[in-house]
Amino acid sequence: MTARKSTARRTPPAKPCPACEGTGEVSRSVHVGRKRRVAGQQTGICLSCLGAGEIPADE
């Protein structure tokens, strides 16, 4: 008899997200008023990696 093959799939290695540089958060400027002046910065979750900080590598 031959040995059984493993059916487990290998997961590709993950790379740091280029949008958030692996932190999972991004900062955006907040504009206020009619002239759209910059009031400050707001931090939020990265939409590219959904806060994980990693994206799967392409094979």
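Just so you know, these numbers come straight off a predicted model, no measurement behind them.
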S.K.: Measure the spacing between CD of Glu25 and SG of Cys49 and express it to the nearest 0.5 Å.
M.R.: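 Interatomic distance, Glu25 CD to Cys49 SG, rounded to 0.5 Å: 10.0 Å.
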S.K.: Indicate the atoms forming the closest heavy-atom contact of Arg36 with His31, along with that distance.
M.R.: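 Looks like O-ND1, 3.3 Å.
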S.K.: Residues in side chain to side chain contact (heavy atoms under 4.5 Å, CB included) with Ala19, at least two apart?
M.R.: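 Counting only residues at least two positions away or on another chain, Ala19 forms a side chain to side chain contact (heavy atoms under 4.5 Å, CB included) with Cys17, Cys46, Ser48.
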S.K.: By side chain to side chain contact (heavy atoms under 4.5 Å, CB included), which residues pair with Gln41, not counting sequence neighbours?
M.R.: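 Partners of Gln41 by the side chain to side chain contact (heavy atoms under 4.5 Å, CB included) criterion, ordered by chain and then number, come out as Ser27, Ser29.
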S.K.: Taking all heavy atoms of Ala14 and all of Glu54, pick out the closest pair and write down the distance.
M.R.: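 Of all heavy-atom pairs spanning Ala14 and Glu54, the closest is CB-OE1, 3.7 Å.
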S.K.: So, for Ile45 and Val26, which heavy atoms are closest and what is the spacing to 0.1 Å?
M.R.: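 For Ile45 and Val26, the tightest heavy-atom pair comes out as O-CG2, 4.0 Å.
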